[in-house]
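Following: one structure in structure tokens, then a few remarks.
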Amino acid sequence: MPQDPTERRVVVTGVPRRTRRGSGYYRPRTEIDEQTTLGHTYVRSLMRSQLRTALAVFTVLVLLVGPLPLVFLAMPDSAGLEWAVLGFGIYPPLVLLARWHVRRAERNERDFARLVEDR
């Protein structure tokens, strides 16, 4: 039985209104997920920046805590003075150093995320 021409569906094809970026566009997040050389380079850059931050903190920590035995050796035998040096001379800079490290690490990660986010 032949179909009625008025009931037939019409298929219209045309140029898509929105097209994705061309094949020359790369997505860093995909590169990282697929573990390509470029993705490895991105992750390695994050790891290096985090390592530089950690080494800077470690260096300051060694310079701050390392001379303590010499300071205590040079001080007269007074337990109260040693505790004062530890409580007021060491712990506040340690807290500030830890706070700086966390902020710097978070900034490194934010910069990395901004670098690889899909736009």
Side-chain angles (χ1 to χ4, degrees):
M1 193 170 210
Q3 289 184 344
D4 186 21
T6 57
E7 292 181 21
R8 216 172 84 194
R9 295 185 106 172
V10 177
V11 178
V12 178
T13 59
V15 179
R17 293 181 186 193
R18 281 188 280 170
T19 59
R20 298 200 92 179
R21 294 186 182 184
S23 61
Y25 174 70
Y26 68 94
R27 294 173 38 183
R29 187 171 286 170
T30 304
E31 299 286 337
I32 293 168
D33 291 341
E34 294 176 359
Q35 297 180 352
T36 63
T37 305
L38 182 60
H40 179 69
T41 304
Y42 279 123
V43 172
R44 194 171 165 106
S45 72
L46 173 65
M47 290 172 59
R48 282 186 180 178
S49 64
Q50 297 291 44
L51 180 63
R52 276 193 300 270
T53 302
L55 288 176
V57 168
F58 181 71
T59 302
V60 172
L61 182 66
V62 166
L63 293 175
L64 188 65
V65 176
L68 278 181
L70 298 175
V71 170
F72 292 151
L73 188 63
M75 289 177 21
D77 290 336
S78 172
L81 189 58
E82 291 172 356
W83 282 107
V85 167
L86 285 174
F88 299 108
I90 297 297
Y91 287 113
L94 285 179
V95 169
L96 293 175
L97 185 64
R99 188 172 176 200
W100 178 84
H101 182 265
V102 168
R103 290 178 130 187
R104 183 67 184 212
E106 288 175 348
R107 190 176 86 186
N108 287 341
E109 290 174 2
R110 250 191 335 269
D111 292 344
F112 178 76
R114 199 174 309 130
L115 176 70
V116 300
E117 72 183 359
D118 296 331
R119 292 182 187 196

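Only a predicted model underlies this, so the values are computations on that prediction, with no experimental measurement involved. Keep in mind that the numbers below use all heavy atoms, side chains included, and drop hydrogens, waters and symmetry copies. Counting begins at 1 with the first residue of the sequence.
Between Thr53 atom OG1 and Glu106 atom CD the span is 11.5 Å, to the nearest 0.5 Å. Interatomic distance, Ser49 OG to Arg44 CZ, rounded to the nearest 0.5 Å: 12.5 Å. Going from atom CG of Leu61 over to atom NE2 of His101 covers 11.0 Å, rounded to the nearest 0.5 Å.
Residues Phe112 and Tyr42 come closest through the heavy atom pair CE1-O, 3.2 Å. In plain terms, the two heavy atoms of Pro92 and Gly87 that are nearest each other are CD-O, 3.3 Å.
Residues satisfying the side-chain contact (heavy atoms from CB on, under 4.5 Å) criterion with Leu86, sequence neighbours excluded, are Leu68, Phe72, Trp83, Ile90, Tyr91.
Within a 6.0 Å radius of CE in Met75, more than 12 heavy atoms belonging to other residues, nucleotides or ligands are found.
Linking ILVMFWY side-chain heavy atoms closer than 4.5 Å, directly or via other members, places Val71 and Leu81 in a single hydrophobic cluster. Side-chain heavy atoms closer than 4.5 Å link hydrophobic residues (I, L, V, M, F, W, Y) into clusters, and following such links, even through other members, never connects Leu64 to Val102.
No side-chain heavy atom of Gln50 sits less than 4.5 Å from a side-chain heavy atom of Arg104. Here the side chains of Leu115 and Leu46 are not in contact, with every heavy-atom distance at 4.5 Å or above. Arg103 has its side chain out of reach of Arg107: every pair of non-hydrogen atoms, C-beta onward, lies at least 4.5 Å apart.
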